[in-house]
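Given the structure is predicted, the values throughout are model-derived calculations rather than measurements.
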Amino acid sequence: MAISRVSLGRYHNAISWVNLFCQITFRGINILISEKVYMDYNATTPLEPEVISAVTDALRFAWGNPSSTYLPGLKAKDIINQSRDSIARMVGGKAEDIIITSGGTEANNMVVHSAVEHFWKSCVAEKGARERGHLLNGSRVLPHIITSNVEHDSVKIPVENLLKTGRADVTFLPVSMVTGRVEAEDVVSAMRPTTCLVSVMLANNETGVIMPVREICERVRAVKRPAFSPRVLLHTDAAQAFGKIHVDAQDLGVDYITIVGHKFYAPRIGALFVNGPGTSTPIHPLLYGGGQERSFRPGTENTPMIAGLGKAAELVTTNLAAYESHLLDIRLYLEQRLLAVFGEEKVRFNSHFPGSDTLPNTCNVSILGQGLQGKLLRFFLICVLARPSHVLLNCGVPYHVAANALRISVGRQTSRQDVDVVVADLRDAVEHLEQMN
């Protein structure tokens, strides 16, 4: 039997490449491989041609140090300023609200660090309360952070580290097993007098569920707090949202938004939106150096990558409606084809939650059947995690369903023909595994 091989990306539940034409042998079976169909756009995206042009032009013509006052440096500085303007327009902020970072991980760590630093410099600054074990009003003082149990590791692990080292208290709110969302009521119920940060992602990378960040911000700001309590800072990691849905900082009501370039056809660089950095909203640097980025993130700027990020942001601002429409059309076609080929009794959509909006491009699906649990992945994958996704389990997806989950995320260039190839490949895989049992 000739079948095509499905290779996955970093996550065991993310379809990455479907290859056709070219023969190889895998476990004694001829497998046909040819041109590649990529369907793991939630993991990363290719650069748009306009972005490549912006990067290469900057490499050629804007090679100067942006801190220099002669022409090549001024050219580089101008490109950075233009890019900052474009990023600000995409996020609904001002140019001065944008701090360029190396990526989403740095941006998220900067937010966590800033919240803890602000806690100590505000409410508990009185009389050395920062000392470990100090009592304030008879209680041991530690900053308290609220986040969810489905966050990206770049939020989850930094706050876990603070918890393990005794530098903060952390509440990991479970998402609703009905909606797949963090509910605003649960956030409010978890608040304490020492709460200094609420960090909830805007859209989940595995299920595509869009979190009620605006409602969370409104409810948190409405809570009456004791006079000694710190301001509660509000953050959302919007890595998966840009280029797929509309994101507006003022509408959301957040203090910080994490921006990740490689998720919306930009290079692997990022930015942090801060609503009035250092004035309206505290921000404390992780690094110290030459004063770039107003000393919030020092280090000589990577002009070409910043140019690419700015161009990608410009494309999102101009074309978002068309992008969103295309992604939704392709994802709906994908889901229709899966149902048509496998039938409702075999298909479980792990990205469908009653009452919840989802990203237009994300389909998390399990193909069920006798003898398929876990084997569909293990048969075709180069690498596979030993256990199902904790995100799906935390969303209430049964273990045996999560064990066969595939995250299929479509992109701007994905066609219906690509979908047909993927679904046919999955059909062949399922048929072969069923024949083996």
* Say you draw a straight line from CD of E324 to NE2 of H246; how long is it, rounded to the nearest 0.5 Å? -> 10.0 Å
* Structure fact -> K75 and A62 have their tightest heavy-atom pair at CG-CB, 3.8 Å
* Give a yes-or-no answer on whether the side chains of D237 and S199 include a donor-acceptor pair shorter than 3.5 Å. => no
* Asked: Can you find a heavy atom in the side chain of M39 that is under 4.5 Å from one in the side chain of V419?
  -> yes
* Answer yes when R219 and E185 have at least one side-chain N-carboxylate O distance shorter than 4.0 Å, and no when they do not. => yes
* Asked: In Å and rounded to the nearest 0.5 Å, what is the OG1 to CD1 distance from T194 to I145?
  -> 10.0 Å
* Is I283 close to Y256 at the side-chain level, that is, under 4.5 Å between some pair of heavy atoms? -> yes
* **Basic-acidic side-chain contact under 4.0 Å: E48, R412** => yes
* To do: Please assess V423 against L338 for the test side-chain contact (heavy atoms from CB on, under 4.5 Å), listing each intermediate value before the final yes or no.
  => CA-CA 6 Å; V423 174; L338 288 168; 4.1 Å; yes
* NZ or CZ of R181 within 45° of F353 ring axis and under 6.0 Å -> no
* R84 and E301 ion-paired at < 4.0 Å -> no
* Sub-3.5 Å donor-acceptor pair from the side chain of N361 to the main-chain atoms of S409, do we have one? -> no
* Asked: Does L286 offer a backbone N or O that forms a donor-acceptor pair with the side chain of R297 under 3.5 Å?
  -> no
* Strictly by modelled atom types, are D186 and S189 linked by a side-chain donor-acceptor pair under 3.5 Å? -> no
* **Close side-chain approach of V198 to L233, heavy-atom, < 4.5 Å** => no
* I408 versus V365: any side-chain heavy-atom pair under 4.5 Å? -> yes
* **Donor-acceptor contact present, side-chain Q292 to main-chain G299, <3.5 Å** => yes
* N/O donor-acceptor pair under 3.5 Å between S356 side chain and T179 backbone -> yes
* For the residue pair T44 and R268, confirm or rule out a side-chain donor-acceptor distance under 3.5 Å. => yes
* Ignoring hydrogens and angles, tell me if any N or O in the side chain of T195 forms a donor-acceptor pair with the backbone of M191 under 3.5 Å. => no
* **Value rounded to 0.5 Å, distance of CG in N394 from OG1 in T207** => 11.0 Å
* Structure fact -> In terms of heavy-atom contacts, A241 and L202 come closest through CB-CD2, 3.7 Å
* **Nearest heavy atoms of A307 and I79, plus distance in Å** => CB-CG2, 3.6 Å
* Minimum heavy-atom distance between G243 and Y323, given as atom pair plus value -> O-CB, 3.8 Å
* **Candidate pair I259 and M90, rule side-chain contact (heavy atoms from CB on, under 4.5 Å), full reasoning** => CA-CA 10 Å; I259 303 164; M90 178 183 70; 4.0 Å; yes
* Asked: Between the side chain of T362 and the main-chain N/O of L359, is any donor-acceptor distance below 3.5 Å?
  -> no
* Quick one: does R89's side chain get under 4.5 Å of D85's, heavy atoms only? -> yes
* Asked: Tell me, do E206 and L392 make a side-chain contact under 4.5 Å, heavy atoms counted?
  -> yes
* Asked: So, for P158 and N109, which heavy atoms are closest and what is the spacing to 0.1 Å?
  -> CG-OD1, 3.4 Å
* Asked: With distance as the sole criterion, is a donor-acceptor pair present between the side chains of H144 and T171 under 3.5 Å?
  -> yes
* Give the ring-plane orientation class for F242 versus F264, where under 30° counts as parallel, over 60° as perpendicular and anything between as tilted. => tilted
* Asked: Under 3.5 Å, is there a donor-acceptor pair between the S351 and N364 side chains?
  -> no
* For G180 and M211, which heavy atoms make the closest approach, and how far apart are they? -> O-CE, 3.7 Å
* To do: For the residue pair R214 and V254, establish whether any side-chain heavy-atom pair is separated by less than 4.5 Å.
  => no
* **R337 side, atom CZ; I330 side, atom CD1 - distance, nearest 0.5 Å** => 13.0 Å
* To do: Any chance you could measure D97, atom CG, to I87, atom CD1, to the nearest 0.5 Å?
  => 12.0 Å
* Begin with the C-alpha distance, continue with both residues' side-chain angles, and end with the deciding distance and a verdict on side-chain contact (heavy atoms from CB on, under 4.5 Å) for I80 and T303. => CA-CA 6 Å; I80 291 170; T303 306; 3.9 Å; yes
* Under the side-chain contact (heavy atoms from CB on, under 4.5 Å) rule, what do L315 and Y265 come out as? Steps first, then yes or no, please. => CA-CA 9 Å; L315 292 172; Y265 296 75; over 6 Å; no
* To do: Compute whether any side-chain donor of one residue and acceptor of the other, for Q240 and H152, lie under 3.5 angstrom apart.
  => no
* Asked: Taking the side chain as C-beta and beyond, is there a heavy-atom pair between L393 and Y399 under 4.5 Å?
  -> yes
* To do: Verify, without hydrogens or angle tests, whether N161 (side chain) and I157 (backbone) share a donor-acceptor contact under 3.5 angstrom.
  => no
* Asked: How long is the span from the OG atom in S114 to the CZ atom in F296, to the nearest 0.5 Å?
  -> 9.0 Å
* Is a donor on one side and an acceptor on the other found under 3.5 Å between the side chain of T279 and the backbone of G276? -> yes
* Asked: Does N65 reach the main-chain N or O of G73 with its side chain, forming a donor-acceptor pair under 3.5 Å?
  -> no
* Return yes if a side-chain donor-acceptor contact under 3.5 Å exists between N108 and T258, otherwise no. => yes
* Hey, does the side chain of K244 reach the backbone of P360 with a donor-acceptor pair shorter than 3.5 angstrom? -> no
